[in-house]
Number of protein chains: 2
Amino acid sequence: MQERHRVSLNAVRVFAIVARTGSLTAAGAELGVTSGAVSHQLKKLEDELGVSFFRRGNNTVSLTDMGRRFYEEVAPAIGLIERSADALYRDENEISVHATTSLALRWLIPSLDRFRVLCPKVRVRVETSSARGIPAIPDSDVGIRYFRTGEEAEGWELLARDLRRPVVSPVLLARGNHGREIAVADVPALQCCVGNWDWKLWCETFGIPPADLSFAHAFDTDDAALHACVAGLGMVLAPTILTARETKSGALMILPGHQPFETGTYRYRRCSESRAVRQFCAWMDTEMRNLE
Amino acid sequence: MQERHRVSLNAVRVFAIVARTGSLTAAGAELGVTSGAVSHQLKKLEDELGVSFFRRGNNTVSLTDMGRRFYEEVAPAIGLIERSADALYRDENEISVHATTSLALRWLIPSLDRFRVLCPKVRVRVETSSARGIPAIPDSDVGIRYFRTGEEAEGWELLARDLRRPVVSPVLLARGNHGREIAVADVPALQCCVGNWDWKLWCETFGIPPADLSFAHAFDTDDAALHACVAGLGMVLAPTILTARETKSGALMILPGHQPFETGTYRYRRCSESRAVRQFCAWMDTEMRNLE
DNA sequence: TTTCCTGCATAAATTTTCCTCAGCCTCCCT
DNA sequence: AGGGAGGCTGAGGAAAATTTATGCAGGAAA
């Protein structure tokens, strides 16, 4: 192979943009550099090749025949490479995460900014679905869902244990509390899952007669129930992980004298093995470790 | 158009070469840089894109699936751009010059190194033909030929006037000179063109009877005739421009008492308007000016 | 096994390249 | 005529590429 003259492909790209836009200034804007930089790049390319791609009017440039020919030859190639690299980048740095609505709204989304700081390149698309137990998560790179205690969780990594305790609005707590320990019977219980499964398990665990509970409204997501709870409609058996903000700010109080108990786990599954997915899962793990 | 991540196309080229050769060292050699430079470029590209193109063994690299895919996508595009630029460069910086054998051998080729110094990028291909009066010079960027005085020279630029005078080997000059002025009749005349046109014109111009001349051998080019002349076979009516070296070194002497006279002109014609051609013609002009 | 050699990765230093800035010019449009 | 827009250019500083030096691991040779 002969000694060949290797032009700067970056300069060729600059040329292509100038050729397309017909202006150094516009090309500079597109590239995020000044027109002077473009002028220099172009001049260097022309000098190296020993050709003139542009006819220089005094404050305008226009393609010469040679320039047009070269542009028509190289522009598709440049475009192909850029699209190719771009697709690669997106595939690798854009992940979709599927999570239940409540977890997404109350934990994932509020935490996501810390992930962005950690991995600024990775863009996360959050997909929510309110249905708890969707077995197959379609075309998501990461799925997060809730598992009741004892439920089969083959292939799912532990994200966090779900510890629940009754929470209630401070207003309601103050109203019901007349110098004595408040009783669960004094506060309407809000349902947030089908069949009232969580309250039943709670009664069972702590030996409380289910009849003591007075059920008020029902909601299809924890998030909705918690909104109702904040509004003073009653108490919710709330996962600690979903109420960090409210208990911290005092918008919700833990019903005194009640220990958290484990009703299940949040678990995630990788459906792809890209680096971004690994980073995201690792980040979730550290987030959870920091919560403990 | 969205904010897009512009990878360095030069880095992509480096990647492509590494992918093709399968070795950083080999790629470095091909690019004329060290393997360290290649390693850096590659790493930067992978980091920017957030992907791994190569599996790193400890002293070996091999393409990952993603790397192979990317290579197959971009390699043709890279190749296209390089070939395109290369062709452009050659078209623009490689010129072919057609000249008669004698002028090429005795003036153009000896002078060409000065042109190389002036325009190192331009490569000149010299094409010679012994036939004097070829009307059309096929696919040459510059044609140079001789025009007899009075010959139609439309479209041909003047390169140099052709001044001729009889020259002879000093050996022959010394042999014939016995204390008196040497006469043209004493030296055999060598013919170097069809019909002995030059000697006839010379006789006519200076009023010398053609019968005084004793013709010896004949040659089809000035160059051959001059070789014979140097060898002492006789005198040649030689263009000054073709005998600079010999008269300077003393290998040939001008026959005493004879003035140069103009028999025609050397002229050139541009058959293409590339920059290299302009540079070459300008250089020829200055060369000729310097000779005067 | 031990030793050497080759190939790659990495950090620091250096060279090269690139970009910006400021000044200047010309055209074009009020 | 004046001012804005667009482009050119040179200087100087910022950023990127390259080299150099070193380390490390695998394979070949002793």
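Keep in mind it's a predicted model, so treat the numbers as computed, not measured. Below, chains carry the letters A, B, ... as their sequence lines are ordered, and counting in each starts from 1.
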ask   = Does A:E157 pair with A:R269 as a salt bridge, N-O distance under 4.0 Å?
value = no
ask   = Under a 4.0 Å N-O cut-off, is there an ion pair linking B:D47 with B:K43?
value = yes
message = Can you see if the side chain of A:R56 gets near the phosphate of D:dG7 - specifically, an N or O under 4.0 Å from OP1 or OP2?
response = no
ask   = Between C:dC8 and B:T25, is there an OP1 or OP2 to side-chain N/O distance shorter than 4.0 Å?
value = yes
inquiry  = On DNA chain C, does the nearest nucleotide to B:N10 precede the nearest nucleotide to B:S23 from the 5' side, or the other way round? Give the residue.
reply    = B:S23
Base, sugar-phosphate, or nothing for [X], non-hydrogen atoms under 4.0 angstrom?
X     : result
B:T60 : sugar-phosphate
B:T34 : base
B:S39 : base

ask   = Under a 4.5 Å cut-off applied to non-hydrogen side-chain atoms, are B:M66 and B:S52 in contact?
value = no
task = Find out whether A:V12 and B:L9 are in side-chain contact, i.e. whether some heavy atom of one side chain is under 4.5 Å from a heavy atom of the other.
result = no
For [X] and [N], give me the distance from atom [atom1] to atom [atom2], rounded to whole Å.
X     : N      : atom1 : atom2 : result
A:L45 : C:dT17 : CG    : P     : 14 Å
A:H40 : D:dG13 : NE2   : C1'   : 14 Å
A:K44 : C:dT16 : NZ    : C1'   : 10 Å
B:L42 : C:dC8  : CG    : P     : 11 Å
A:E48 : C:dC18 : CD    : C1'   : 13 Å
A:Q41 : D:dA16 : CD    : C1'   : 12 Å
A:K43 : D:dG10 : NZ    : P     : 8 Å
B:R55 : C:dA9  : CZ    : P     : 14 Å

Is there a donor-acceptor pair under 3.5 Å between the side chain of [X] and the backbone N or O of [Y]?
X      : Y      : value
A:T64  : A:F53  : yes
B:R267 : B:W156 : yes
B:S35  : B:G28  : no

Within 6.0 Å of [atom1] in [X], more than 12 heavy atoms from elsewhere:
X      : atom1 : value
B:R161 : CZ    : no
A:R123 : CZ    : no
B:N290 : CG    : yes

Distances under 3.5 Å only, N/O to N/O: pair up the protein atoms with those of nucleotides 22-24 of chain D.
none

remark   = Angle separating the five-pair end axes of the helix from C:dT1-D:dA30 to C:dT30-D:dA1, nearest 10°, is 20°
Do any N or O atoms of the protein come closer than 3.5 Å to N or O atoms of nucleotides 27-30 of chain D, and which pairs are they?
none

request  = Mark yes or no: A:R145 above the aromatic ring of A:F147, with NZ or CZ under 6.0 Å from the six-membered ring centre and no more than 45 degrees from the axis.
outcome  = yes
query = Relative to A:W283, does A:R114 satisfy both conditions: NZ or CZ under 6.0 angstrom from the six-membered ring centre, and within 45 degrees of the ring's axis?
reply = no
